[in-house]
Every structure is written in structure tokens, then in C-alpha cells.
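In the text below, chain A, chain B and the rest are named by the order of the sequence lines, each starting its count at 1. On a predicted model such as this, the values are computed, not experimentally measured, just so you know.
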There are 2 protein chains.
Amino acid sequence: MPNNYQSVHHYMEASQKAFEIYQHSTLQQRATLLHQIGDSIQQISSTLIEVAATETHLSHKRLLTEIKRTIFQLQNYGDYCATGEWMDIRIDTHNTSDQQHLIPDLRKMMVPLGPVLVFGAANFPFAYSTAGGDTASGLAAGCSVVVKAHPGHVETGKLVAAAVREAIKICNLPEDIFIHIEDISVETGEALVKHPLTKAVGFTGSYKGGKQIFDWGNQREIPIPVFAEMSSVNPVFILPEKLAIDGAHIAQKLAASITLDVGQFCTNPGIIVCVNDEAYNNFETLLVTECKKVTPQTMLNKGIGLNFKDKKQQMLQEQTVTTLIDNSNETEAAVTIAKTTAQAFLANIALQDEVFGPFSLMVCCKNIDEMQAVAQHLKGQLTATIFTTDAGFEQHPTLMQQIKNLAGRIIFNNVPTGVTVCLAMQHGGPFPSSTDSRFTSVGADGMKRFARPQTYQNWPNALLPKELQNENPLGIFRTVNNVLTKAAITPYL
Amino acid sequence: MPNNYQSVHHYMEASQKAFEIYQHSTLQQRATLLHQIGDSIQQISSTLIEVAATETHLSHKRLLTEIKRTIFQLQNYGDYCATGEWMDIRIDTHNTSDQQHLIPDLRKMMVPLGPVLVFGAANFPFAYSTAGGDTASGLAAGCSVVVKAHPGHVETGKLVAAAVREAIKICNLPEDIFIHIEDISVETGEALVKHPLTKAVGFTGSYKGGKQIFDWGNQREIPIPVFAEMSSVNPVFILPEKLAIDGAHIAQKLAASITLDVGQFCTNPGIIVCVNDEAYNNFETLLVTECKKVTPQTMLNKGIGLNFKDKKQQMLQEQTVTTLIDNSNETEAAVTIAKTTAQAFLANIALQDEVFGPFSLMVCCKNIDEMQAVAQHLKGQLTATIFTTDAGFEQHPTLMQQIKNLAGRIIFNNVPTGVTVCLAMQHGGPFPSSTDSRFTSVGADGMKRFARPQTYQNWPNALLPKELQNENPLGIFRTVNNVLTKAAITPYL
């Protein structure tokens, strides 16, 4: 996509100008746009897969799945946008029956924040990048979007960006509601975050990058919300009673989850907490056996490959850490499993660091008390997983609650990888897994990151946005005088 | 209220311990608690009014209204809490009909963040203080609450705190879910914000105080959300066509709003933007005449009185500012109205500073273009007001949109003072009026500041929280497979 603007300032001014028009778009127009972007991507999907495969080393099969997910995501957010339910509309009409609490007519809906800046992820060239979840959320919320291309897949980004711009053209919307910046320097990123016209940021990536952007956002003269999805080791707690009866099955599932796409998922299970008993010994053997079957593969790019090697090496060099399997070669990674004690884990915060790639650390506890201490000690997570029998769950309420408090999503007897795009998904959790646990970056609720409630007081019905008019012309669910309803309002005479 | 804890650390540990129990409270338990707090406050309301009147110089009448509002607020938030609608429950059930988008069973609800720290406001000893909106929001969300007493009304705070603790006792809940700290030093405030167990902050007050707390919150090793409602000058835009036909009425309304309770409201109209024509001259005379009728009164406390005097003086000493009326004496304030041109206003950012108290600056524009430039130039606000005819609204869409973009609440042909407690209220707007425009500190939606979504994946029905169980035992509105409904779920067999 050719770009005629010379500097960050020009980009942001163009985005702002487009926003000023686009903020008036109807919910249906936004939905149509998102569907159209999906169609435009669909049309070039084979080219996209070829280019992305070259840039990221991800398999064609995986990339096809990811494109499908990206298109589904755009459609899904578009459809939910059109329902208007995400706007949390509340209407309190002028009430004359109760003189003591006489209230003016107040009507609240969501309005867009303004130009949103998106930093895509290395590991998802489609679903979390140029036309990924953050972009879809921003456009659905009525914001213009500026994407800074990810250095790991600039060419893929360019092609997707062209498809987005084509869709905007087809929909007759202002072209600059989407701007793709291919200058990948850190300075440009910093200038974009700090530009006064930038009103919010979405980021998916490393802790270092996300935290830096979060700090820049907060240190501005006018701070802006930065939702950064960052670092998570996604602890898996396996209760001894469950391990005793289901160890083989769990070992199989976990080995597959740890090594899926060379472990390059933000929900990769990086820590496995067990009680060190006989069943555990069998489980450990089974897990290592499963992992031995995995063939080394090239990681997303050279930088990520080197980072995995370094971080993994650091971990294995810790005195209290034993290597169970470390199967990689000079250029490719398979899987590394290491082991430590709960006591060592509690004494060394570095053992909680994320090793991005196919790595897991087994944390062996003497008993449930130590397991609780580990749960208490862990940082905030995207996910936490519990393997237990129903009886085990009932027997250990404190541990169960501690695990729940850790994360945005709690998985029962299954693995954390696989982030379904649906309304009930929560992708975001206590810091450092994200910078604000009150929001999600997956699922249509993600658009709430980029919108704010605004109340109209005592407005004539005809001058209100359609969403708030008495007749409810859009047929939206609204909370009217504390009752959730689609009914029209009979105005007080 | 006697307090046996010796330090911030002990306070926060006690709050955390209480939270660990209270987080399991049912919605109905929380609602009952909030009602009970209201009842306990009601019982001592005459004493409360006496003490608060001594500490704040607010009139008995005003304090009575405020106590009623505080009790109503507690009841209202309690009732809304019990509906469960604020939890935005989303359920996507295991779907076997569509193999391509096979999804696990995912169920999302709100869970409390943890101990919430509350800093009350000088100007609302009840409604925005010890048992005010932030405390009610925190308790409704399932959080424990630590209140730092406001230096301006410590004795009132103590009495209210005792009533809250009594209510907690009556409800058989852990006593430390509410802790009142009477050490009012800045150091204690800082230590409370920075304590690792503090999970969120609510603040109402000055820009200086709020911004400092916001920065402390973000600079922590684990940053926490700080909702600070701070500085707002609540601009009022009067279109010339409206001024020509309704000037006298508007002058009366504005004079009353500017001087209400010595102008000590966060929604006080501090800037009035007009076009300088003949109608304006009449309006100015009328406004000054109305203001002349106002008798000087003592402000909340000595510090606030001195601050008003200083800030007002600074404003009047600006070369481009003319004084229209400045009616105060050594110890009491009535009202100050000053005047400047749009050009001068645009050239000097200091003219946007909030003068807390009965002060308004008239900004005289040559035409609508200058009015637009002023709207464009203004910082973020809690409220913005438009006085216009319907025709004027239609004729100036750009100006209307610029005004809308300024604030959280947009008032049509009325004054901004008077913040109704209801679900449709938005009290919070773009920075610096608040630190996060996506939330409100008035209305039951305020509890969303202190809760986060959490998703349960593949949990057995019996082990889910009641809110998420198939049978919908609490009868809550839930979005099930994208449809908002109170229906039970028929599990897939």
C-alpha cells in the first residue's frame, strides 16, 4: 500500500480527519465494513499464506486456520457491533412520580475514543496483526485505526493492509480510517504512542515492549489507555488424585499443547505444578516420552529463535533446575522440559520468567500446602489450568480460589492453548499478563477498550442518536429505568 | 471507630484477609449490606449533619439532601448489584453443529479486583466520601474497601465509618471488608497506593492530588487502575440565536448554578462561551445583576477559601481578562465573573485552569468559527453544555460534534450542576476531568471500575458459580450463544 504521508504527524492528522467522519457511521455500516474486510482478505488468501509462510516459517495448514479465524473474527465482531448490545445503553427518563428523586432525562451510550494505534504480534501474522482483533475492535467501536507493521511480517502486513483499504473503498468510507505504517523503527513507534491525536493503543507481544508502551502512554501530558497483552506462563495445576487416575492422558495433552506450533503461543503452558509422588514419577516419564516424539522446527524468525535459546539456557543454568529433555538443534527447536522444587521456585522469582517457545518447567511440591504457596506466589496470568477430580475440587477450596485469582481464564481438565473467538472469551488477565485485567483482546467485548460512555441530558428526542431515541428504531436491548428491554419509550407528556 | 492496626501494611493485610472471604459473598448479600449501611447512616443522620456542618460550613439543608442522596445511592447500587446485569455474563456453550468453529464451553462473569483504596472529596462529606459512591461501588463489586479519611471532615468520617462497621456486623460479614484510616498524612496516602495488596483506587478531588495518585498507581511494580475524578471547567456554549430569545432565563439559571453552594461542585460551569453581539451585552448585564443578589458565604474550609482567592486573583490579573463582578470579602466568597476574548483564550492555556469555587470566565467569540476554535482547544471535561434552538443545532453540526467530543455528559439547554444518581449517569470524561473516560464514578456502573471479567472453560455445571450454571438459578440476564436471555441452558448431551 503506497503511503503519501511523510511523518507520524501527518499519519495521525489523516487518521483524526477520517475519524471525524467515521465516528458518525451507523452500527450497520461498521458491520458491513468488517464483513467486507473479511471478504477482501478471503480473495487473496492463497497469496497471503505463501508470503506469510516465507516470513514466519509457520506451516501452510496453521496459516490457513489463522486466516479463517481472522475472517470469522471480523464477521463476528461486525455482527455483535450491529446488535448495539455492547453499548450498554442506559436510559433514565424524566420521572415525575417521585418528587424526592426527581431526575432529568438521561441517556447513555458508547462513543468511540478516537484514533487507535495497533501493534501486531509476531506469532499471529493475521489474527493479532494488521487486520486482527485489535483493528477489528477499533473499527467496530467507531475509531480510526493506525497499524504499525510488525517487523517479522511486513510484506504480509502490506498485502493485508491493501485488502483493508480496498474494503473501505468498496464501503465508501473515508480511506484513512485505516493507515498502515511500514516504518518499523522503535522511534516511530514511540512517536506514534506519544502523538497527541493518538487516543488509545492495542498491543500484543513481549513484556518489555508492552510495558514500555504502557509507560509512554501514561507519561504523556494527556495519558491514554494502553491495552498490552504481554507475558504469561499459564500455570497448570495437577492434583495428585487426578494424576493418579489420568496421568497418561494428561501427559499426552500437555506435550501436544507445549509443542504446538513450536510453543509460540501466549497461552503456552510454561509451568506445571504437581505433588511429587509415585504417580508424578510415571507422569514425568510419560511426558518426556511424548516430547521425544516431537521433531525440531524453525521458529518464527531468527530473533525469536535466538531469544528462545538464550532464555531457555538461562533457565537450565539455574542451580535448582534439572533438565528432563532439551531437544533442539542449532537452528530449530523441538521442546525443553525442566524441573525444580516448589521451595526453589518460591525462592527465585526468575523461574517465573516466560521462555517464549516450547518450554515448560515442572514445579514439584511436597504436598498441597506447597502447591498453595506456589499459587500464591505466581504473578498474574492470561490462563490458569486445573486438573482435578470433582472431589479434589471440593476438598481444596483455598487452592482452587488461589488459582482462580491468578488469571483471566480458568480451564478445567484441559490445556490452555486454543483461544476461541467468541463473546465469552477472556484474553487478558492480572498484570503482567496484560496491563488492564478489566478488558479483553479476544472476543467482541474487546471493542470496549476503545469506547467510552457518554450521557445525553435533556435532549430533544429528534436530536438524539438513533440508539437513544424513544422509538428504539435500531431495536437494541436497552436498560430503561433499570429494566433491560427492547421496548420503545412512551415519553412523559 | 477504634483501630488496632499499627501500619499501612497491617491495614492492607487485614483488608486482603477480609476480601478472601467476602469475594464469595452472593449478590444478594452485598445488596443487603449496602441497604443496611444506608439504614445505619439514617439512624445517626441528625448527629452527622451537626458534625459535618461544623467541619465543612455546608448548610444543614444541603447536608440533609446529601445524606438522602448517599442512602439512596447505597440502596440503588445494592439493587443493581443484585440483578447481576452489571456482570455482563456471556456464555458460549459447546457447539457440535459447526465443526469448523468447534468451541469449548466458555462462561464469563465479573469477579472483584481485591482491596480498593478510596480517597473521599472535600466538598461531599457523605456522597463522595467514607460511605460514598466509590465505597458503595467497591463493596457491590465484591471488593474490600479501605478509606483514607478526608482531612476536611475527619470527625464526620469517623461517625460514618462506625455506621458502616455496624452494618457489616449486622450482616455477619468480615469486619475488615471496610477499614477507615484516620491518619491523614500524604505519606500514608502514598504508602497505601503503593502497597502490593492494594488492587485499585478511587479518588475525587483536585488535579494535583489525582494526577499524583494516578502516577503512583502506574509506577508500581504491578500497576493498578486508578480512577481519579479531577479537574473540569464544564464549558457552556450558548448559540447566538438562543441567547437572543432566551437570554434572561439562561442568565438566571447560570447565576444560580455558578453560585450554588459557593460554587463548590465539580460540575460548576467555569467557562461560558458566547458570540459577542447585542444579545450578549444584554445577557452579560442580566448575569451580573443576578450575581449581585448573591450573599457571600464561608467556603468548605480555610484552605479551599484561600485557594479560591489565589486562583481567582491569578485569573483576574491576566492582562486579557476583564472583571465583571468580584464579590467576596476577607473570609467569605460570593461570586466572580470575568471576561476575555476567544483569541486571548486560545493563546493562553492558563485561562482553562479550574478555579474551584463560584467563578466563571466568559469567552467572547467574534463568530461561530471562533466558537469552534474554542471547543477544539478545550481540554477534556466532565460535562459540556449546549444552549441552542433546534434549528441552531442542525445548522452547526461541526460545532455540536466538537462539544460532544469534549465531555462525558452533554447537557441540552440546562445547567451542568446536579449529578443525578442513576444508571444512565456518566460522571467521568476525557483527561484531565478523569484519568479514564471509560468509567464513571456516579451510577451503579461505577462498580465496573473494580471488577474484571473471568472466563470458566469446560467446567462441570455443579462446580460453576451460580451466576453461570445452566439452570440460571439467580434469574440473571445472560448473553447465551450471542442471545441476551434469562432462559436456562439445555446442556448438550
Side-chain angles (χ1 to χ4, degrees), chain A residues 20 23 68 72 79-80 85 88 90-92 100-101 103-104 106-108 111 113 214-215 218 222-223 225 380 390 393 401 404 408-414 418 420 422-426 431-432 435-438 440 445 448 451-460 462-463 477 479 482 484, chain B residues 20 68 72 79-80 85 88 90-92 100-101 103-104 106-108 111 113 214-215 218 222-223 225 380 390 393 401 404 407-414 418 420 422-426 431-432 435-438 440 445 448 451-460 462-463 477 479 482 484:
Chain A
E20 284 168 15
Q23 66 177 324
K68 282 188 180 168
F72 173 75
D79 292 343
Y80 194 63
E85 281 165 24
D88 285 342
R90 283 86 162 80
I91 297 177
D92 287 286
Q100 196 166 329
H101 300 117
I103 53 175
L106 293 158
R107 302 183 184 216
K108 185 166 72 169
V111 296
L113 290 182
F214 176 73
D215 288 342
N218 285 315
I222 295 178
D390 288 12
F393 181 89
Q401 188 56 47
K404 284 190 199 178
R409 178 164 55 107
I410 316 293
I411 299 114
F412 195 88
N413 287 343
N414 213 322
T420 308
C422 65
L423 210 46
M425 177 49 66
Q426 172 61 18
F431 191 92
T435 49
D436 194 339
S437 66
R438 297 169 302 171
T440 180
D445 277 330
K448 289 191 179 177
R452 66 185 175 94
Q454 183 170 58
T455 295
Y456 288 77
Q457 181 168 331
N458 285 346
W459 280 55
L463 302 185
F477 261 115
T479 303
N482 298 315
L484 193 53
Chain B
E20 285 168 15
K68 281 188 181 167
F72 173 75
D79 292 344
Y80 194 62
E85 282 165 24
D88 286 342
R90 284 86 162 77
I91 297 176
D92 287 286
Q100 196 166 331
H101 299 117
I103 54 175
L106 293 157
R107 304 182 182 216
K108 186 167 72 172
V111 296
L113 290 182
F214 176 74
D215 288 342
N218 285 314
I222 294 178
D390 287 12
F393 180 89
Q401 187 56 47
K404 282 190 199 178
R409 179 164 55 107
I410 317 293
I411 299 114
F412 196 88
N413 288 343
N414 214 322
T420 308
C422 66
L423 210 46
M425 176 50 65
Q426 173 60 18
F431 192 92
T435 48
D436 195 338
S437 65
R438 298 171 300 173
T440 181
D445 277 330
K448 290 191 180 178
R452 65 182 175 95
Q454 183 169 58
T455 295
Y456 287 77
Q457 181 168 330
N458 286 347
W459 280 55
L463 301 185
F477 261 116
T479 303
N482 298 314
L484 194 52

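- Of the two parts of B:Ala462, neither the backbone nor the side chain holds a non-hydrogen atom closer than 4.5 Å to a non-hydrogen atom of chain A.
- Put simply, CZ on B:Arg452 and CG on B:Leu113 are 7.0 Å apart, with the number rounded to the nearest 0.5 Å.
- Scanning all heavy atoms of the two residues, the minimum distance from B:Leu106 to A:Arg409 falls at CD2-CD, 4.2 Å.
- Most heavy-atom pairs under 4.5 Å with chain B: of the set A:Ile91, A:Leu423, A:Asn458, this distinction falls to A:Leu423.
- Looking at A:Tyr456, the atoms closer than 4.5 Å to chain B (heavy atoms on both sides) sit in the backbone and in the side chain alike.
- Proximity to chain A involves both the backbone and the side chain of B:Gln454, based on heavy atoms less than 4.5 angstrom apart.
- The aromatic rings of A:Phe393 and B:Trp459 sit perpendicular to each other, their planes meeting at more than 60°, with 30° as the lower class boundary.
- Heavy atoms closer than 4.5 Å to chain A are found in both the backbone and the side chain of B:Ser437.
- Listed options A:Asp436, A:Asn482, A:Thr435, A:Asp88 were ranked by heavy-atom pairs under 4.5 angstrom with chain B; first place goes to A:Asp88.
- If you measure heavy-atom distances from B:Asn413 to chain A, you find no contacts under 4.5 Å at all.
- B:Pro104 approaches B:Gln457 most closely through the heavy-atom pair CG-NE2, 3.8 Å.
- Looking only at heavy-atom pairs under 4.5 Å with chain A, the residue among B:Ile410, B:Ile411, B:Asn414 that has the most is B:Ile410.
- Nearest heavy-atom pair, B:Thr440 versus A:Lys108, reported as atom, atom and distance to 0.1 Å: CG2-NZ, 4.4 Å.
- At a 4.5 Å heavy-atom cutoff, the contact between B:Pro453 and chain A is made by backbone and side-chain atoms alike.
- Most heavy-atom pairs under 4.5 Å with chain A, from the set B:Cys422, B:Gly418, B:Pro223: that is B:Pro223.
- Taking the side chain as every heavy atom from C-beta outward, B:Leu484 and A:Leu484 approach each other to under 4.5 Å.
- Note on B:Ala407, B:Ala451, B:Pro432: by heavy-atom pairs under 4.5 Å with chain A, the leading option is B:Ala407.
- Taking CZ of A:Phe477 as the start and CD of B:Glu85 as the end, the distance is 10.0 Å to the nearest 0.5 Å.
- Nearest heavy-atom pair across A:Arg438 and B:Pro225 is NH2-CB, 3.3 Å.
- Contact of B:Asp445 with chain A is made through the side chain alone, with heavy-atom distances under 4.5 Å.
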